[in-house]
Amino acid sequence: MTVKPRDARKVIETDRVIAPGQSYGSVDDAVNSPVLLPLGRTKLWWFIGFGIAFSLLMLYLYTVIYLIVTGIGIFGNNIPVAWAFPIINFVWWIGIGHAGTLISAILLLFRQDWRTSINRFAEAMTLFAVAVAGLYPILHLGRPWVFYWLFPYPNTMGLWPQFRSPLDWDVWAISTYASVSMFFWFIGLIPDLATLRDRSENRFAKLMYGMMALGWRGSAKHWQRYQRAYLLLAALATPLVLSVHSTIAMDFAVAQLPGWNNTVSPPFFVAGAVFAGFAMVLLLAIPLRKVFGLEGLITKKHLDNASKVMLATGLIVLYGYVIEIFTAWYSGVEFERFMAFNRMFGNYGWSFWALIFFNSVAIQPLWSKRVRNSPIALFIIAISVSIGMWLERFVIIVVSLTRDFLPSSWGDYSGTLWDWSLYIGSFGLFLTLFFLFIRFLPSIAVAEIKELVHHTNHSESHEAPPTEVS
Amino acid sequence: MPQYFPPNSNAFAKWSIYGGMVFFIVLITVLAIFARVSNNKVGVAIEQPVAFAHNLHAGQLGISCAYCHASVETSAVAGVPPTETCMACHSQIRVGTEQLAAVQKSWDTNIPIEWNKVTDLADFVYFNHAIHVNKGVGCAECHGRVDQMEVVFKAEPLTMGWCLECHRAPEKFLRPREEVFNMAYEKPANQLELGQNLVEEYHINLDKLISCSVCHR
């Protein structure tokens with residue numbers, strides 16, 4: 001197998017799920033070769049990107065250590081805004097993860113072949129986003145070192161967690177989500193790990209990939225079991241797409257605070273999660289296909305479909321904003337009405353209008369096919385959606401808490417430097433993991449793509465496809 | 001292609017799965033056993049600056065607990081006696097002996113004796129002696145038979161689970177108010193009946209007793 005010289009590669013932009021003329025060999029070259037390069041020959045962009053990510057990770061660790069040593073008082077959280085940045089960021093990150101599960105599980109069950117090129121890195125994104133998100137509520141505890149009290153284990157306190165509290169449902173939702181996502185990701189990786197084991201020339205790499213490949217030989221029996229396990233896990237993960245963020249929505253919805261106590265919250269949160277998640281998928285896919293030259297595998301078709309999902313979920317979210325204001329008026333409850341009025345015209349009114357702009361106005365160009373086909377435009381819109389979804393959680397959490405029932409308990413809130421450094425630093429954790437992932441593991445599910453190549457070649461021409469046996 | 005793994009690595013893989021399960025079961029078992037037997041330093045004698053013998057004073061001589069721990073019925077803290085309390089007797093009895101040297105020094109210099117705490121609850125626990133004593137919880141219930149200890153040690157684990165044993169079912173432990181300081185008090189055969197009567201008589205609100213903020217304020 002020869003690696004094609006870089007300059008021979010020409011960018012193939014296509015509207016199809018995979019570019020024409022792909023073969024097993026070309027897929028391997030495109031995806032696996034960069035992974036198998038010796039460390040010293042890693043591309044410069046990777047070192048630069050990893051360096052930035054790692055510096056941010058150090059900022060994160062510094063903040064965490066300072067937080068643990070000093071205490072929760074370094075954050076701006078205080079009565080009445082006891083939930084602020086940590087919970088905003090928690091909901092934001094966990095929402096981002098949802099696109100990965102949607103792509104890998106629901107689209108698999110619906111047999112959408114366009115999921116194949118993007119499911120691997122979207123699942124990795126899910127996993128890393130859940131890891132980042134899961135840390136926030138723990139760091140937000142006054143005493144993070146006793147976080148294990150959240151689990152029901154035999155203890156000297158003679159206590160179980162409060163099972164009637166949504167905060168405890170959170171623990172279960174997130175830990176289930178994290179473990180199912182991890183299994184799903186790992187099982188999907190096994191055939192690819194075996195390919196890497198067989199193709200790598202470094203003894204250490206062979207051992208590592210070999211260990212993780214769990215003795216995969218690619219026999220028919222292996223494939224049959226693999227497919228079964230994969231489908232089963234997809235079926236398990238499918239309800240999680242809906243349940244995890246519904247549970248998080250209930251953290252708010254079961255409270256009596258105006259602005260939180262909404263029956264629309266669970267579906268609204270789920271739509272928002274998928275919305276933000278697809279924005280993040282685009283944010284990662286657009287540079288990824290560029291730097292790895294994967295335009296033939298992550299095609300314009302993928303960008304187009306992802307932006308359509310984004311547009312659809314974005315409109316659901318807009319419906320949510322409208323219906324929240326409508327129910328506030330229709331309920332006739334003065335506190336609800338005040339909440340809606342305060343949200344739009346109160347002293348945090350800017351955040352609501354910014355949210356409407358970033359989340360609802362900025363996605364309208366997606367109706368045009370030209371915009372959906374332009375990676376740069378999509379990248380900008382995806383950034384806008386990410387900002388918008390962060391602002392949405394800010395509006396729900398902070399603005400509702402600052403103005404509750406009693407004017408005597410009103411207060412204002414602003415994040416401190418540490419709030420921001422923990423948020424910016426969390427990108428470091430996410431990106432460091434992601435850069436390690438794209439360096440050492442195939443960011444596209446090679447085995448599944450090969451299957452797709454086979455089907456495409458088979459159905460398009462019954463002549464012998466240009467395959468090379470690898 | 002050469003083999004990178006010896007044949008026995010299959011067995012290793014298999015056993016690592018069982019190992020994971022075994023680890024999980026062992027972990028839960030160990031935690032459960034720990035929760036049951038954790039004694040939280042029960043029975044460890046604490047050295048004191050003065051060799052004060054509780055078994056002599058409270059036991060043989062029969063001095064009431066509240067003589068020295070004077071605020072126990074009215075305050076959150078039972079109170080460690082000031083040197084003056086000791087000197088009420090010891091200005092006459094066994095004056096100038098070696099055991100009393102530290103007390104005498106404190107009396108002369110006007111610097112209190114620094115006793116070491118035996119029963120030290122965590123700072124986030126609010127414990128009030130007066131309410132317990134006045135509702136019929138005997139001293140010995142938590143502190144053990146202090147009248148038989150030469151050097152005082154912690155008699156009960158004082159873990160939250162231990163506290164809740166009584167807070168969830170106080171009728172199993174309550175005694176009449178006048179028996180609170182009676183170290184040798186034995187529970188009668190009809191304890192449950194008596195306890196239930198006392199719960200009613202002393203207006204003990206069972207729902208409030210297991211609310212978080214009763215102890216964590």
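As a basis for the values below, the full set of heavy atoms in this structure was taken, side chains included, without hydrogen atoms, waters or symmetry mates. Each chain gets a letter, A, B and so on, in the order the sequences are listed, and its residues count up from 1.
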Within 6.0 Å of CD in A:Gln227, more than 12 heavy atoms from elsewhere: yes
Taking all non-hydrogen atoms of both residues into account, name the closest pair between A:Pro154 and B:Ala32 and its distance. CB-CA, 3.5 Å
B:Phe24 atom CZ, neighbour heavy-atom count above 12 within 6.0 Å: no
Tell me whether B:Arg168 at atom CZ has more than 12 heavy atoms from other residues, nucleotides or ligands lying less than 6.0 Å away. yes
Counting heavy atoms not belonging to A:Tyr153, are there more than 12 under 6.0 Å from its OH? yes
Interatomic distance, B:Leu31 atom CG to A:Phe151 atom CZ [nearest 0.5 angstrom]: 13.0 Å
Determine the minimum heavy-atom distance between A:Met157 and B:Leu164, stating which atoms define it. O-CD1, 3.3 Å
Do A:Leu207 and B:Phe5 have side chains that approach each other closer than 4.5 Å (heavy atoms only, starting at C-beta)? yes
Roughly how far, to the nearest 0.5 Å, is SG of B:Cys212 from CG of A:Leu159? 7.5 Å
Other residues, nucleotides, ligands: >12 heavy atoms within 6.0 Å of B:Phe23 CZ: no
Engaged part of B:Phe12 at the chain A interface, taking heavy atoms whose separation is under 4.5 Å: neither
